[in-house]
Amino acid sequence: MDNTDTIAAPITPEGTGAVGVIRISGADTFRIVDEIFSGKKPTEAKSHSILFGLIKDGKEIIDEVLVSIFKNPASYTGEDIAEISCHGSPYIMKRLLELIVRKGARIAQPGEFTFRAFMNGKMDLAQSEAVADLIASQSGASHKIALQQLRGDFSNQITQLREELIKFASLLELELDFSEEDVEFADRDQLVKLLREIKEIILSLMASFEYGNAIKNGVATVIAGRPNAGKSTLLNAILQEERAIVSEIAGTTRDTIEEQINIKGILFRFVDTAGIRDTTDKIEKQGVERALKKVELANICIYLFDLSTSTEEDVLKDISLLKKNTETPLILVGSKKDLVADNKLLKPKVSHEVLYISKTEKESVEALKEHLYQQVAAMKREAGSHILSNVRHYEALAKAGEAIDASIEGLLEDRSGELVAFDIKSALNNLGEITGSVSTDDLLENIFRNFCIGK
């Protein structure tokens, strides 16, 4: 991305709408607008003001518009910005963009406005990524996490950790300069104490990733159980639509079905799976294998058992199978409660709470949805105030934690200051990659190419 060009792009979605907006950013922004806008000149207007006038191509009027003026450095990118609000006709937008390009701008690449904001110090790299997360947020919870990161809460904590490390790293470097005099400027005991405290903070942030990632992408909730337990019926009841085929024939669902629903501001991704049972049918067997794999990768598993046919032995056997090789939390739900008398409800001797539902009792499904919400709320309480939702940040923290472990080990074993300093530098670099204080062209390209055009 060439940071010296003036760039332009639509910042509203494609298609017909009441209003369309084109953003221009760069040194030639106001010159270009002056040449095509009939109204008060942007160069004469105050920053953060709105001008009304006409866009003309020569003598031809293209549209009546509003032009929002943002003068550097008080703008999104830190450069001169003009945002032209026109009528949302695709034809008008196309003509206007062509005219702007003809006057000297070029079409912005995906994420280039935010890239310039990063390069001009308007936000760090973690905040830049939060912009994309904010745009993509599909629930109140994911919006809140993205907004918290955009406001710099997470970045501030990472910056503080780096500053603490830099103090000691500089003392170790000073020692190396005076290595012949055999002097120590850095208190080893204090450094070990600090490194252990930083490692605890890193572990705490990493522990919040399960919750943050689930909120960002939707809480993966698998419905598992034996054939004809009522899994598809439950999915339809939760969604309040006939999404999955319901049949009395066992093994109707042979592949996974995924749908999303927002429960009290949290996005859940429900997965209806093939019934778990021994089968000789090759297709159904593959479906069972996929079901177990989905459970392994899920955030929550709803284990559904048929109250009218299941025995306690069946339930315990299924739970053992589902919990094999995974720690996914289980919610036990007995279905078809309307077919069994209350005094004959199966109550398995398990540590899990058991819920009972019936397709004739809507409140039982609502109770299950509330239970799911509370399960995620508990995850949030465990996660703490700073939530990690970005895979790149998680991996960088993991590497920083490893480097800190190596530093502690080196200090305790009285290794040379040079080796310890190397490990601390490694930790600093990994933490710096999160905020962008340490970055490479490949890293930046990989991040910003996933943005939408216009942002």
Side-chain angles (χ1 to χ4, degrees), residues 221-259 261 263 268 270-281 283-285 287-292 294-295 298 300-324 326 328-375:
T221 308
V222 172
I223 304 173
R226 298 195 176 195
N228 272 1
K231 298 184 297 298
S232 297
T233 300
L234 176 58
L235 177 64
N236 291 340
I238 290 172
L239 299 174
Q240 296 184 339
E241 64 173 281
E242 297 298 314
R243 174 62 182 86
I245 297 172
V246 176
S247 169
E248 293 180 359
I249 302 171
T252 304
T253 304
R254 296 191 168 202
D255 202 351
T256 57
I257 299 172
E258 296 195 21
E259 283 295 333
I261 185 174
I263 301 176
F268 285 82
F270 284 95
V271 184
D272 181 19
T273 60
I276 299 170
R277 67 170 178 177
D278 294 327
T279 177
T280 56
D281 186 302
I283 297 176
E284 188 182 357
K285 188 174 183 179
V288 173
E289 291 172 354
R290 289 186 181 184
L292 294 174
K294 286 289 184 181
V295 171
I300 298 173
C301 174
I302 297 174
Y303 166 62
L304 198 67
F305 60 95
D306 186 342
L307 288 165
S308 65
T309 61
S310 298
T311 65
E312 182 166 8
E313 184 182 358
D314 293 334
V315 172
L316 296 177
K317 181 179 178 182
D318 290 347
I319 291 174
S320 177
L321 176 63
L322 291 171
K323 291 188 74 68
K324 186 179 180 181
T326 181
T328 302
L330 279 180
I331 298 177
L332 271 60
V333 180
S335 65
K336 307 180 185 179
K337 178 176 177 285
D338 52 311
L339 302 181
V340 181
D342 287 347
N343 62 350
K344 292 187 178 180
L345 286 177
L346 176 61
K347 298 180 180 178
K349 294 177 182 177
V350 291
S351 58
H352 308 73
E353 179 184 357
V354 182
L355 304 177
Y356 300 96
I357 62 169
S358 164
K359 65 179 181 180
T360 62
E361 298 176 2
K362 289 185 178 180
E363 60 271 18
S364 64
V365 176
E366 291 303 313
L368 172 59
K369 288 161 72 172
E370 175 63 24
H371 191 82
L372 288 166
Y373 172 80
Q374 293 300 334
Q375 189 96 357

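Residue indices begin at 1 and follow the sequence shown. Please read these numbers as outputs of a predicted model, since none were measured by experiment. Heavy-atom basis, side chains included; hydrogens, waters and symmetry copies ignored.
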Please check if the side chain of [X] supplies one atom and the backbone of [Y] the other of a donor-acceptor pair under 3.5 Å.
| X | Y | value |
| --- | --- | --- |
| Lys317 | Glu312 | no |
| Thr221 | Phe268 | no |
| Tyr356 | Leu346 | yes |
| Ser364 | Glu361 | yes |

>> Could you check whether atom CD of Glu363 has more than 12 heavy atoms from other residues, nucleotides or ligands sitting under 6.0 Å from it?
In response: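 Count over threshold, so yes.
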
Validation row: [X], [Y] side chains within 4.5 angstrom (heavy atoms):
| X | Y | value |
| --- | --- | --- |
| Ile300 | Leu330 | no |
| Leu234 | Phe270 | no |
| Val354 | Phe305 | yes |

> With Val365, which residues qualify under side chain to side chain contact (heavy atoms under 4.5 Å, CB included), at least two apart?
Replying inline: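 For Val365 the side chain to side chain contact (heavy atoms under 4.5 Å, CB included) partners, ignoring immediate neighbours, are Ala237, Ile238, Lys369.
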
>> Holding to side chain to side chain contact (heavy atoms under 4.5 Å, CB included), I want the full list of residues that pass it with Asp306, two or more places apart in sequence or in another chain.
In response: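 By the side chain to side chain contact (heavy atoms under 4.5 Å, CB included) rule, Asp306 matches Ser308, Thr309, Ser310, Ser335, Lys336.
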
> Between the side chains of Thr311 and Asp314, does any donor sit under 3.5 Å from an acceptor?
Replying inline: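 The answer is yes; a qualifying pair exists.
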
>> Run the side-chain hydrogen bond (donor to acceptor under 3.5 Å, both in side chains) test against Ser358 and tell me which residues pass, sequence neighbours left out.
In response: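 Residues passing side-chain hydrogen bond (donor to acceptor under 3.5 Å, both in side chains) with Ser358: Asp338, Thr360.
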
